[in-house]
Amino acid sequence: MANTEYIGVKDIVDPFVLVENVNGVGYGELVHVRDSKGKLRFGQVKMLSEKATLVQVFTGTEDLVPSTTKIRFLGRPLEVKLSKNMLGRTFNGLGEPRDGCGETYGGKRVNINGLPLNPMARQYPKDFISTGISAIDTLTTLIRGQKLPIFSGNGLPHNQLAIQIATQAKIMGSDDFAVVFAGIGIKHDDAAFFTQELSRKGHSNNIVTFLNLADDPVIERIATPRMALSTAEYLAYELGLHVLVIITDMTSYCEALREIGVAAGEVPSRKGYPAYLYSDLASLYERAGVVRGVSGSVTQIPILTMPNDDITHPIPDLTGFITEGQIVLSRELDSKNIYPPIDILTSLSRLMKDGIGKGYTREDHPSVSSQLFASYSKVQDVRSLASVVGEDELSKNDKMSLEFGRLFEEKFLKQGKEEEREIGYSLDMAWEILSTLPRSELTRVSLDDIREHIKTSGN
Amino acid sequence: MEAKTNFAPNNKEGIVTLVNGPVIKASNMRNFAMREVVKVGPKKLMGEIIRMDGDDATIQVYEDTDGLKIFETVTGTGEALSIEVGPGLIGSFFDGIGRPLDSLLESEGMYISPGTSVNMLNRDKAWEVTPVAKPGDLATGGTVIATVQETPLLLHRIMAPPEMEGEITWVAPGGFHKGSEIVAKIKDAFGREITIPMIQRWPVRTPRPYRERLLPTEPLVTGQRVIDGLFPIAKGGTACIPGGFGTGKTVTQHQLAKWGDAQVVIYIGCGERGNEMTDVLEQFPVLEDPRSGRPLMERTILIANTSNMPVAAREASIYTGITIAEYFRDMGYDVAIMADSTSRWAEALRELSGRLEEIPAEEGFPAYLPSRLAEFYERAGRVVTLNGENGSVSVIGAVSPPGGDFTEPVTRHTKRFIRCFWGLDKNLANARHYPAISWIDSYSEYAEEVNGWFCSNVDSRWGSTREKVRQILAEDNKVQQVIKLVGEDVLPDDQRLIAFTAFLIKNGYLQQNSFGSDSYSPPSKGFMILDVIIDFYEKALNLVRKGIPISLIKEDESVDAITHMRELAADDTEGFALVRKRINAHLERVAAERTRKLGGE
Ligand SMILES: Nc1ncnc2c1ncn2[C@@H]1O[C@H](COP(=O)(O)OP(=O)(O)OP(=O)(O)O)[C@@H](O)[C@H]1O
Ligand SMILES: [Mg+2]
């Protein structure tokens, strides 16, 4: 039972071992696996039957010898030890300190899987977070308690953008904030960039970091985001902090899941990913929000790199089906040297509808943002027409549209890596560039808005 | 009276032999019934037997199985998966297996933990019962025994359960009675006494019977112009909304739940976001029903198995919802049910099927996917109830195709069983043209059937106007292909007029923001807008034929105003008349100048 040690396993299929004749073990239980030298690895019960128990070994099964491997079932699930002392510390993917500062003292242990939040306990998130980035504040507004991922590609400045959001977000204005950073399968350099930037901006004492680097065991990646989210929930719902969780790279997480699924011989779904990828991702992304009667909140910004920049790939696709919008980075804008290279048309913030407008940001915000989307979408059509017939052959209105597109990208989208813009400033700039368009094109803003914000006749 | 079951009594015990996530196996199960609901392990997790194999049973467990052990016990309940029906349903919020989330919140706190059992309906709450039947009356299935004004919007009719017949011997007197009480006693043909409780049970996988099926004739008015005007759904009809992520399935479903003219609305959040349910929960009690002025929550029932809740209960949530819908239909009401998203339900089937190691058909989905979909949509319909009244269940299912590709199995099979298709277009959504319902891919087979209703209730030209609009949009579709290649300026003016009129229809009529004063647009408002546009088109076409350049026709503030008509209130007939007057004045001026010039030449 909880303390019996079993010596010898029947089969090993990385990352699983099959143990026979086991009694009294619970599904999902945590397991200690020791190799012949006595070195400890963790594992988890993945399937139970009368004859055998399947254990998934974190850190993998390399070097395990069937006859000498020792297995101990701990009678409890995989847990993380939570306390205030975690702030400022760095842990590995399984929650063990990796900063050489020793164990964190005290605290309580919780199951890293968490439990589903009762939808009745939630409060609909409505608080606008100013990030100082025009494209985000105006067009894909971030709301406190939202899960808003960044869909990126290799080589695009997603880390830079995440840092800019994290450090400029007004969520961090006071001392009741914290950042939980989970690095999954990322490069040493990227991890160092995050910690350096955050401490350079004076946040090193309110970050908790969980790192599973590219050369760390793949299977630990399953646990890493769960460790991070359990910590975030603790900081938010028990200590009352507003927590921003940055998880990168979700693509490495999903690949780890696929690897395990294949090893377990499961029937795969699209592109070899397991059929339960949606449910599994949801069990992570849904751990964000605002709870009624609790002062803290959990805001999630997961980052994923789209394989081949393909937004229909299962990882971004299923993510988009779960999260409350997405910020999509564009290689084309990046190559035009526009930072942040946000492709606003495919980006979306689903929660902005209730967090902007009168009493939140500014009354004209909803309609002016809708107009920017409509007009910029037309720019794309005109550009493709121009590539066929040539710019000179375009009609007057189409030429105006192209000019609008240029202004939008160069003035509105483009901004400095440390430049902070007020929402009012961004909205005024939006009107300014919209006023270069003919009035008949401004169908999304009301006639009253046009009268108020467009002084000169656009016609 | 309990719904009929013929399962063995509850004195049997199986033992767990395998645990694989939500699917477990148990032995010593010979005395259990197929599809019987069981309680598993010390936490008494709820499960359902889905396969019998000699002494062994395969069970799908509706709650998280973490911690479950081999050799733990399985006990029976003697009943198939059932829910409670009766007063107290309206305004409630249940999980996929019918547990009220408010009670769970009270007893468990903010998280939902496995193994919690609570009654679906409150037995202690007293309702003011008004008897309708009296001793000596004959009661058959569906006979209304008594009524309860459950909310100001809904009169709850307590009915004799289906498949019973006898003479009423006793009826509860008028006044307050608790949910746990019985409302009548009946003596059947064999002289046995049967009691009719206020709260009854029904197995969710069994459709409730009705007398006869009718063809739909009336529209389910949704207040969404693109739907009511172009692709209407009938009361008792079926529709699906497929679309990639973020294209507007949920917002559309919420719109229908808010503004649809059904008497009871059931909203199922199936494998979707928790916040979306919270949104409904916060809004509906304060939003007013446009017809009665009462809070919408007084006719709404919510069911949620959010994406982070156990997957087996996702499979059940759809049945829980449709069973409640049928129950209210049986009272003679028009019920609308929204399921967001049926793809998550299909994926739950796939996941369970995978764990059962069934041989997959397309893309891992089990071979029985189409038949399950058909069974679900076939529970919609307009019927004559057992009690001889008309009632209907309209079903609107969201479909979430991977990668937004409509050729995938769930979309493809769903299309076979629905009659109204609202396809969401990624490009429209990207341009924030909402609702992003494609006017090219969508269709409604009900348009003819409900035309009569619109003609007599809105305007006799409803059908002909719709035809003209569809023609213009279809022609525009062709014109746009050409524009993409050569630009607009080189087209002949009559084609440019088509493109321009289509622009007006798209921006002035089809587009409708759900989050402003235009959220609910009664059919009369939509008709006024279209009438102005079509009138403009016909007059402009005349001018174009006379050789007047289109630029003179369209470049005027009075014409720009067309795309802003939707900002007007529905009853602002003067506002609409003014727009029309100004356009006419403008067009007459253009024509007159032309004549003058020609005269002067
Ligand atoms: N009619 C509308 N009016 C205004 N905004 C809309 C409308 N329809 C959709 N939207 C916008 O589009 C966003 C996404 O819509 P919605 O959440 O309904 O997408 P969905 O198709 O349900 O996506 P998913 O499959 O990921 O759940 C909304 O948050 C809203 O901002
Ligand atoms: Mg949705």
Side-chain angles (χ1 to χ4, degrees), chain A residues 24-29 47-50 77 113 115-125 266-267 269-270 275-276 278-279 282-283 286-287 289 291 312 314 317 320-322 324-326 345-346 348 350 353 366 370 373-374 377 381 384-385 388-389 393-395 398 439-440 443 446-447, chain B residues 17-20 65-70 93 101-102 104-105 108 110-113 245-246 273-275 277-279 281-282 304 306-309 311 344 347 350-351 354 360 363-364 400 402-405 430-433 483-489 507-508 515-516 555 560-561 563-564 567:
Chain A
V25 169
Y27 183 76
E29 195 168 289
M47 168 127 77
L48 276 175
S49 74
E50 275 174 302
N113 286 335
L115 283 169
L117 202 55
N118 186 326
M120 281 195 100
R122 287 183 186 268
Q123 187 176 327
Y124 197 71
E266 292 163 354
V267 182
S269 172
R270 269 209 303 157
Y276 49 80
Y278 176 84
S279 304
S283 74
E286 273 293 294
R287 295 173 78 175
V291 173
T312 66
D317 192 46
F321 272 120
I322 303 163
E324 286 146 347
Q326 65 279 338
L345 294 179
T346 49
L348 170 73
R350 296 166 195 250
K353 64 184 169 67
S370 174
F373 283 117
S377 154
D381 295 341
S384 56
L385 177 62
V388 182
V389 301
E393 298 299 311
L394 293 179
S395 68
D398 285 352
R439 276 256 197 119
S440 57
T443 61
S446 73
L447 289 172
Chain B
T17 56
L18 177 138
V19 185
N20 179 10
T65 52
D66 269 8
L68 191 64
K69 297 174 181 168
I70 299 297
F93 187 6
L101 289 168
D102 58 348
L104 287 182
L105 185 67
E108 303 283 299
M110 63 193 257
Y111 295 113
I112 300 178
S113 36
F245 63 79
R273 302 169 186 84
N275 272 335
M277 299 310 293
T278 312
D279 194 14
L281 214 53
E282 289 181 10
T306 55
S307 57
N308 55 344
M309 292 189 192
V311 69
R344 306 299 164 222
E347 285 159 12
R350 174 169 73 183
E351 185 172 337
E363 296 187 20
S400 316
D405 172 10
N430 285 352
R432 271 52 170 187
H433 172 111
I483 292 183
K484 270 199 195 112
L485 295 176
V486 295
E488 199 191 316
D489 280 5
N507 291 286
F515 308 116
E555 276 166 26
D560 291 351
T563 54
H564 294 277
E567 292 158 26

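Keep in mind the model is a prediction, meaning the values are calculated, not measured. Here is how names work: the chains are called A, B, and so on, in the same order as the sequence lines, proteins then strands, and each is numbered from 1. Atom set for the values below is all heavy atoms of this structure, side chains included, hydrogens, waters and symmetry mates excluded.
Most heavy-atom pairs under 4.5 Å with chain A, from the set B:G246, B:G364, B:G354, B:S113: that is B:G246. With chain B as the partner, the residue from A:P366, A:G325, A:S446, A:S370 showing the most heavy-atom pairs under 4.5 Å is A:S446. Chosen from A:L117, A:T346, A:N113, A:T312, the residue pairing most often with chain B at heavy-atom distances under 4.5 Å is A:L117. Between chain B and the options A:G28, A:S279, A:G289, heavy-atom pairs under 4.5 Å are most frequent for A:S279. For the set A:A121, A:P116, A:P77, the count of heavy-atom pairs under 4.5 angstrom toward chain B peaks at A:P116. Most heavy-atom pairs under 4.5 Å with chain B: of the set A:E393, A:R287, A:E266, A:E324, this distinction falls to A:E324. In terms of heavy-atom pairs under 4.5 angstrom with chain A, the leader among B:V311, B:N507, B:D279 is B:D279. Interface remark: of the candidates B:G487, B:G508, B:P360, B:G487 forms the most heavy-atom pairs closer than 4.5 Å to chain A. Ranking A:D381, A:L394, A:V389 against chain B, the residue ahead of the rest is A:V389, based on heavy-atom pairs under 4.5 Å.
Both the backbone and the side chain of B:P402 come within contact range of chain A, each with at least one heavy atom under 4.5 Å from a heavy atom of that chain. In this structure, the portion of B:D489 lying under 4.5 Å from any heavy atom of chain A is its side chain and not its backbone. Contacts of B:L281 with chain A are made by side-chain atoms alone, with heavy-atom separations under 4.5 Å and no backbone atom involved. Using a 4.5 Å cut-off between heavy atoms, B:N275 touches chain A through backbone and side chain atoms alike. Both the backbone and the side chain of B:M110 come within contact range of chain A, with heavy atoms under 4.5 Å apart. For A:V25, the part sitting under 4.5 Å from any heavy atom of chain B is the backbone (N, CA, C, O) and nothing else. Contact of B:R273 with chain A is made through backbone and side chain together, with heavy-atom distances under 4.5 Å. Looking at B:T306, the atoms closer than 4.5 Å to chain A (heavy atoms on both sides) all sit in the side chain, from C-beta outward.
The distance from atom CG of B:N20 to atom CE of A:M47, rounded to the nearest 0.5 Å, is 4.5 Å.
By the 4.5 Å heavy-atom criterion applied to side chains, B:T278 and A:Q123 are not counted as neighbours. The closest side-chain heavy-atom distance from B:I112 to B:M309 is below 4.5 Å. Here the side chains of B:S400 and B:E347 are not in contact, with every heavy-atom distance at 4.5 Å or above. No side-chain heavy atom of A:Y278 sits less than 4.5 Å from a side-chain heavy atom of B:E351.
Using a 4.0 Å cut-off between charged nitrogen and carboxylate oxygen, A:R122 and A:E286 count as a salt-bridge pair. Using a 4.0 Å cut-off between charged nitrogen and carboxylate oxygen, A:R270 and B:D405 do not count as a salt-bridge pair.
Checking each of A:L348, A:D317, A:I322 against B:F245 for a side-chain contact (heavy atoms from CB on, under 4.5 Å) leaves exactly one that passes, namely A:D317.
Annotation for B:L104 and A:N118: closest pair CB-ND2, 3.9 Å, computed over non-hydrogen atoms. Contact between A:G24 and B:K69 at its shortest, heavy atoms only, is O-CE, 3.4 Å.
Relative to the six-membered ring of A:F321, B:R344 meets both conditions, a distance below 6.0 Å and an angle of at most 45° to the axis.
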